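Please read all numbers here as calculations on a predicted model, not as lab measurements.
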Amino acid sequence: MAGIEHIKVEPDEAGMRLDRWFKVHFPGLGFGQLQKLMRSGQVRVDGGRVKTDARVQPGQMVRVPPLDVDAKATKSGPIAGKELKHSGDAELLARMLLHEDDKVYVLNKPAGLAVQGGSGVSRHIDKMLEAWTNQKGEKPRLVHRLDRDTSGVLVIARTRGAAQKLTAAFRERDTKKTYWSLVKGVPRKHEDKISTWLVKEATPDGDRMRIAKHGEEGADHAVSYYRVVETAAQRLAWLEMEPYTGRTHQLRVHALHIGHPIIGDPKYFEDDPNWDFPGGVQKRLHLHARHIDIPHPSGGRLRITAPLPPHMVQTWNLLGFDEASAGEPDDE
């Protein structure tokens, strides 16, 4: 049991409910016990009485009376256990790491690893992030998604405040995401905008998106841009694609919509008896989140590029594609 403490609210805790703030700092303190302390005035914020649903702000001082729980001991026990239990997850995450600072992690997600759980999914990024829980008990947070079979740049927020800012950047479309894909055939237009309505429908093989009509129930507007970087005769094309909106399977459906489905797509590449799958090319989705340009929670912009996954490196080498042809921006 310690004496009275005065703890300063940190910037990343802005707007947090006071009961949640206590849960983060003193996980062993029960809600009923906290309510008693507040009713008796033993817990105060900037010297004043408050309720459990009060929102704290950076710089405020929280008066914490002597408690029957030790914050450090309470937090270190479970975290130490997690480090042991999830050591394999921590090692795999570390191998994916492209960028790390005090607000953000950026991973190069491998193809085949799900971002979140679902039917038949036992291992996924969201669960693996428990291995990187910090000393406050905060687990890093997802702020956007990639399809299971899509590889590439995945941004992770390390703190609650960073998650709010990054999520807002995606919602307000203040981000630029660039994907590389390999598609069947060569689009007639070297570059173009694709604008459609998409709706999700359930199928025996899981959810699938289809082109919908404007006004159809459940339909969302989806806009993508593409340009042809290189071609292999008239059989295959390397596209640089940018989704302006962020709908499920958007780029994959849009590629099919223009008649050039992405090679190896298990959902949207339709069999054609008059077209032979290229020898030496693996039947895996050739879609990679190559680059992201997003506002950093601390100011400025974060620009990160992810190297191609092994199956796409193999294909690029086979077709003689030069990565420098895309003329990518420098990372910062």
Side-chain angles (χ1 to χ4, degrees), residues 1-86 89-90 93 101-105 115-118 124-145 155-172 297-298:
M1 182 182 296
I4 295 173
E5 294 183 82
H6 289 85
I7 303 177
K8 188 175 182 178
V9 177
E10 298 179 5
D12 285 326
E13 297 169 336
M16 185 182 288
R17 279 176 56 119
L18 188 57
D19 52 1
R20 173 61 186 159
W21 185 91
F22 267 92
K23 187 68 176 175
V24 168
H25 288 265
F26 301 92
L29 182 66
F31 183 71
Q33 185 181 359
L34 174 61
Q35 285 184 311
K36 289 180 182 179
L37 293 171
M38 300 189 76
R39 282 198 300 266
S40 63
Q42 295 183 68
V43 169
R44 293 174 179 255
V45 175
D46 283 349
R49 291 189 178 224
V50 287
K51 296 181 179 180
T52 54
D53 62 355
R55 302 279 178 174
V56 297
Q57 298 301 328
Q60 289 183 324
M61 300 299 295
V62 181
R63 180 190 188 276
V64 181
L67 301 174
D68 291 328
V69 295
D70 183 339
K72 292 183 180 179
T74 304
K75 287 189 286 188
S76 63
I79 291 173
K82 283 183 181 180
E83 289 172 353
L84 181 62
K85 180 180 178 182
H86 300 295
D89 290 343
L93 288 169
D101 59 48
D102 62 343
K103 304 291 184 185
V104 178
Y105 291 123
V115 172
Q116 287 184 298
H124 53 86
I125 296 287
D126 193 31
K127 185 173 180 61
M128 292 169 65
L129 287 172
E130 292 177 4
W132 280 355
T133 299
N134 66 21
Q135 291 300 311
K136 287 185 179 179
E138 284 186 303
K139 188 186 85 172
R141 294 165 167 84
L142 298 172
V143 293
H144 68 127
R145 314 285 182 269
V155 179
I156 308 289
R158 296 188 63 171
T159 67
R160 178 176 177 273
Q164 291 175 333
K165 291 181 179 179
L166 291 167
T167 300
F170 280 103
R171 183 176 61 248
E172 296 162 9
S298 297

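Side-chain contact between Q116 and L142: present, with at least one pair of heavy atoms (C-beta onward) separated by less than 4.5 Å. The side-chain heavy atoms of F22 and L37, taken from C-beta on, include no pair separated by under 4.5 Å. Using a 4.5 Å heavy-atom cutoff, the side chains of R44 and R49 are in contact. In this structure the side chain of T52 reaches within 4.5 angstrom of the side chain of F31, judged on heavy atoms. A heavy-atom distance below 4.5 Å is found between the side chains of W21 and I7. Considering only heavy atoms from C-beta on, V50 comes within 4.5 Å of M38 through its side chain.
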Next item on the list: Quick one: do H6 and I4 satisfy side chain to side chain contact (heavy atoms under 4.5 Å, CB included)? Show the steps, please.
Entry: CA-CA 7 Å; H6 289 85; I4 295 173; 3.8 Å; yes
Notebook entry, point to check: Is there a side chain to side chain contact (heavy atoms under 4.5 Å, CB included) between K139 and D126 once you walk through the steps?
Noted result: CA-CA 9 Å; K139 188 186 85 172; D126 193 31; 3.1 Å; yes
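W132 pairs by the side chain to side chain donor-acceptor pair (under 3.5 Å) definition with nothing, not counting sequence neighbours.
Atom-to-atom distance recorded for M61:CE and E5:CD is 10.0 Å, nearest 0.5 angstrom. In this structure, CD on Q60 lies 5.0 Å from CG on D46, to the nearest 0.5 angstrom. Note that the CG atom of D89 and the NE2 atom of H124 stand 10.0 Å from one another [nearest 0.5 Å].
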Result block: side-chain N/O donor-acceptor pairs under 3.5 angstrom for residues 155-170, not counting sequence neighbours:
residue	atom	partner	partner atom	Å
R158	NE	Y105	OH	3.4
R158	NH1	E100	OE2	3.3
R158	NH1	D101	O	2.7
R158	NH2	Y105	OH	3.3
T159	OG1	D12	OD1	3.4
T159	OG1	D12	OD2	3.3
T159	OG1	A162	N	3.1
R160	NH1	A14	O	2.9
K165	NZ	P297	O	3.2
T167	OG1	A163	O	2.7

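Within the structure, salt bridge (charged side-chain N to carboxylate O under 4.0 Å, His left out) contacts touching residues 15-26 (residues at least two apart or in different chains) are R17-D19.
Closest approach of V115 and H144 over heavy atoms only: CG1-O, 4.4 Å.
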